[in-house]
Amino acid sequence: MFAALAAIALGAVVGASTPWLVHRLAVESGSPPRSACAVCTRPFPRGLPGWIRPDARCPGCGARLGSRTGYLAALDAAVFGPLTAALGAAVFGLLTAALGTDTGIDPALPAVLAVAAVGLPLAFVDLTCLRLPDPLVALAAVAALLGLTGAALVLGTPDPLVRALLAALASGVAYVLLALLPGARLGFGDVKLAAVLGLPLGWYGWPTLLLGLVLPHLINGTVALALLLTRRASRGTPLPFGPALLTGALLAILFEG
Ligand SMILES: [Zn+2]
């Protein structure tokens with residue numbers, strides 16, 4: 001119970017920090033992250049204070065710097081922070097509750113929460129500009145590898161870690177093949193994220209990986225159909241796949257983990 005409450009609080013902080021990361025990282029492919037305020041032109045602080053901020057306000061002038069483009073265009077900047085904070089709290093709380101055991105906490109929980117923490121900005125950057133920035137995907141990979149290695153040491157067996165690595169490879173290969181199909185809408189960022197998500201999915205077993213690989217297509221198919229039916233999108237409208245990949249992995253671990 002205490003663990004779940006602590007996780008909810010941590011998730012709320014992580015979620016509240018998400019809009020700022022999205023503002024800095026949701027840029028055109030090949031462009032550097034935003035480094036100065038568009039309102040007062042002052043540069044953002046260097047190092048962690050420039051990246052981890054509890055709200056999306058400029059540290060210089062206090063202007064609210066939301067990324068109101070792409071699929072988030074209709075989202076008011078004042079709603080974005082509370083929305084991501086609530087989402088972070090819910091994701092962290094659900095994962096901690098689902099992965100708790102009778103004897104304590106799943107040793108892989110820190111790895112799963114770390115991937116979820118990076119997954120939040122990844123999903124919203126993708127919704128904003130249809131990109132999954134490499135630094136965030138790499139951060140998720142490092143967090144998953146370190147966390148799962150630690151969990152394997154705690155458990156005293158390398159088996160789930162080996163399975164996680166094989167699952168990442170299998171997931172990456174499967175998504176490369178899907179991306180190469182004619183008419184595929186998957187980008188290479190999606191392939192890389194799918195491989196990284198294969199790590200925690202594979203840790204929990206092959207059925208979890210399979211579910212985590214299939215669910216994103218059902219989710220994106222449902223969203224695409226809803227957008228078509230409500231005439232918010234046409235057949236050619238590009239849809240981000242990262243949010244579906246992350247949601248699918250989350251649901252697979254909640255159901256099967
Ligand atoms: Zn400013």
Side-chain angles (χ1 to χ4, degrees), residues 6-93 113-143 187-190 192-193 196 232-233 237-247 250:
I8 287 170
L10 183 64
V13 173
V14 166
S17 315
T18 293
W20 180 257
L21 283 171
V22 174
H23 174 67
R24 290 205 63 182
L25 290 170
V27 292
E28 294 283 306
S29 177
S31 303
R34 288 192 177 88
S35 59
C37 175
V39 178
C40 70
T41 71
R42 267 176 275 198
F44 298 141
R46 288 178 177 278
L48 275 186
W51 289 102
I52 309 294
R53 302 201 67 80
D55 59 16
R57 287 178 186 280
C58 166
C61 68
R64 207 193 289 274
L65 303 171
S67 263
R68 289 202 256 170
T69 54
Y71 284 90
L72 298 186
L75 185 68
D76 192 276
V79 179
F80 194 12
L83 176 81
T84 50
L87 193 59
V91 167
F92 272 51
L113 292 185
V115 173
V118 185
L120 273 171
L122 267 175
F124 283 98
V125 168
D126 205 11
L127 283 167
T128 305
C129 65
L130 296 171
R131 285 188 59 232
L132 294 165
D134 280 339
L136 281 180
V137 178
L139 187 62
V142 169
F188 202 56
D190 299 316
K192 285 181 273 191
L193 179 59
V196 171
R232 281 165 218 239
T237 309
L239 272 184
F241 199 69
L245 275 173
L246 289 155
T247 309
L250 171 70

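Whatever order the structure lists ligands and atoms in, that order sets their numbers, starting from 1.
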Is Asp126 reaching over with its side chain to a backbone N or O of Ala123, donor-acceptor style, under 3.5 angstrom?
-> no

Using side-chain heavy atoms (C-beta onward) and a distance below 4.5 Å, is [X] in contact with [Y]?
{"X": "Leu25", "Y": "Pro121", "value": "no"}
{"X": "Asp55", "Y": "Trp20", "value": "no"}
{"X": "Ser35", "Y": "Arg24", "value": "yes"}

Listing by chain and number, what protein N/O/S atoms are under 2.8 Å from the Zn ion (ligand 1)?
-> Cys37 SG, Cys40 SG, Cys58 SG, Cys61 SG

For side-chain contact (heavy atoms from CB on, under 4.5 Å), just list the numbers for Leu65 and Val39, CA-CA rounded to whole Å, side-chain angles, deciding distance to a tenth of an Å, and then say yes or no.
-> CA-CA 9 Å; Leu65 303 171; Val39 178; 4.2 Å; yes

Could you please spell out the steps behind the side-chain contact (heavy atoms from CB on, under 4.5 Å) verdict for Phe80 and His23?
-> CA-CA 11 Å; Phe80 194 12; His23 174 67; over 6 Å; no

